[in-house]
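Note sheet for the following structure.
Every number for a ligand or one of its atoms is a count from 1 in the order of the listing.
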Amino acid sequence: MTQRSSRPRSAGYEAAPNIALVKYWGMRDERLVLPNNSSLSMTVSRLRTRTWVRFDPSLPSDRLWLNDRPAEPGPLQGVVDFLNLVREEAGISLFAEVRSLNNFPTASGLASSASGFAALAGAASAAAGLHLSPRELSRLARRGSGSASRSIFGGFVEWQAGHRTDGQDSYARPVLSPDHWPDLRDVVVLVADAPEKSVRSARAMQDTVRTSPYYAERLRTVPGRLAAIRSALRTRSSDRFLDLLIEECDDFRRVCETTVPSLDYLTTTSRAVLAAVLDLNREARHPIAGYTHDAGAHVHVFTFHRHVPIVRARLQRIPGVADTRVLSPGPAARPIRRGAA
Ligand code: PMV
């Protein structure tokens with residue numbers, strides 16, 4: 001069924017990035033973006049992507065503006081592929097203009113693909129006339145970038161891997177609300193010399209699946225660690241949470257570094273940040289901070305409101321640290337009111 005509209009139809013949606021506390025790394029189905037393991041993340045406050053989509057009969061092709069600039073062919077193709085899924089679902093054939101604004105540096109490695117595809121899923125589906133539930137939006141966002149499935153929800157979010165071959169049971173759901181642990185903080189440490197990603201995560205992770213001798217062991221241990229982290233969050237057990245966060249990050253880094261060719265996302269500065277966190281914990285004689293990082297050089301240092309000044313002061317004096325930003329658990333994705341820019 002092809003539904004043609006003579007009027008342009010538009011919608012806007014906003015979503016925040018998320019940081020994985022238990023990583024998604026490896027797919028059982030690349031086309032449907034079905035992961036090998038479930039993952040758990042925190043959607044963050046303050047940072048957001050706002051995206052507007054307009055399906056317009058006068059457009060000869062899809063257009064994408066990223067932060068008010070025409071997009072490069074790579075990101076444009078990702079958005080065209082995604083719009084094709086939405087057009088197919090809605091039974092329309094119109095091209096679209098997509099305008100997306102991040103309130104944080106796009107190339108900084110702060111998970112712009114997660115917030116970007118979550119916002120695009122919301123805006124494109126609404127503009128196409130689909131009325132999707134949050135769960136359906138999560139499934140759709142997953143097709144753009146796996147981690148985007150989690151940015152549909154706020155607070156602490158679990159993406160269940162699912163078992164079905166059609167992916168219907170592979171979606172995220174909120175497990176704890178943003179105000180569950182009010183003094184938890186994520187000090188994002190931006191490193192000055194962060195290189196641009198050379199290989200997309202979706203490709204890099206499949207290299208790990210094929211070549212890392214530790215990947216099978218990771219898959220065996222992740223479910224237990226995910227349950228332990230979920231329970232430490234639920235009971236607000238800070239020492240346990242911070243220890244497990246570091247353990248998971250180190251395990252993720254081990255499978256990356258043992259991938260052929262090796263995936264080394266950290267810089268000298270990032271490594272100094274990890275070492276400083278371990279030093280801080282040794283000096284305090286118990287965990288006051290825990291680190292994690294995704295497929296990039298910036299480091300997320302989790303701590304608590306009362307420790308932020310000491311943690312931040314220590315990290316900021318590391319040579320190569322450009323900036324730190326203190327984030328909290330953040331909100332779910334939502335529609336943008338008409339007229340808001
Ligand atoms: O969603 P992608 O394809 O950008 O992959 C995300 C991979 C990690 O950020 C490293 C882990 C995760 O779960 O977010």
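Counting heavy-atom neighbours within 6.0 Å of Arg200 CZ, excluding the residue itself, gives a total of 12 or less.
The Ser113 neighbourhood of ligand 1 comprises atoms 4 (O), with distances under 4.0 Å to a heavy atom of that residue. Shown in contact with Trp25 at under 4.0 Å from a heavy atom are these atoms of ligand 1, numbered in order with element: 7 (C), 10 (C). Heavy-atom proximity to Ala20, at under 4.0 Å, picks out these atoms of ligand 1: 12 (C), 13 (O), 14 (O). The distance from ligand 1 to the heavy atoms of Phe252 drops below 4.0 Å at these ligand atoms: 10 (C). With ligand atoms numbered from 1 in the order given, ligand 1 contributes 1 (O) to contacts under 4.0 Å with heavy atoms of Gly146. Here is the list of ligand 1 atoms found below 4.0 Å of a heavy atom in Ala295: 10 (C). Of all the atoms in ligand 1, the ones that sit under 4.0 Å from a non-hydrogen atom of Met205 are 5 (O). Heavy-atom proximity to Lys23, at under 4.0 Å, picks out these atoms of ligand 1: 13 (O).
From the protein, the heavy atom lying nearest to atom 14 (O) of ligand 1 is Arg150 NH2, 2.7 Å. Here the protein heavy atom with the shortest distance to atom 11 (C) of ligand 1 is Tyr24 O, 3.4 Å. Given atom 2 (P) of ligand 1, the protein heavy atom at minimum distance is Ser145 OG, 3.5 Å. The protein non-hydrogen atom at the shortest distance from atom 9 (O) of ligand 1 is Asp294 CG, 3.2 Å.
Distance alone, capped at 3.5 Å, is enough to place a donor-acceptor pair between the Arg236 side chain and the His180 backbone. In this structure, the side chain of Ser151 does not engage the main chain of Ala118 through any donor-acceptor pair within 3.5 Å. A side-chain donor-acceptor contact under 3.5 Å links Thr43 to the backbone of Phe153. Ser237 places no side-chain N or O within donor-acceptor distance of the main-chain N or O of Leu233, the cut-off being under 3.5 Å.
No cation-pi contact links Arg99 to Trp65, judged by a cut-off of 6.0 Å to the six-membered ring centre and 45° from its axis.
Checking Tyr214 against Arg254 by side-chain atom types alone, no donor-acceptor pair falls below 3.5 Å.
Less than 6.0 angstrom separates the ring centroid of Trp181 from the ring centroid of Phe304.
With respect to the salt-bridge test (charged N to carboxylate O, under 4.0 angstrom), the residues Asp243 and Arg240 do not qualify.
Distances between N or O atoms of Ser147 and those of ligand 1 include at least one value under 3.5 Å.
With Pro35, Ser201, Ser41, Cys256 as candidates, the residue nearest to atom 3 (O) of ligand 1 on a non-hydrogen basis is Ser201.
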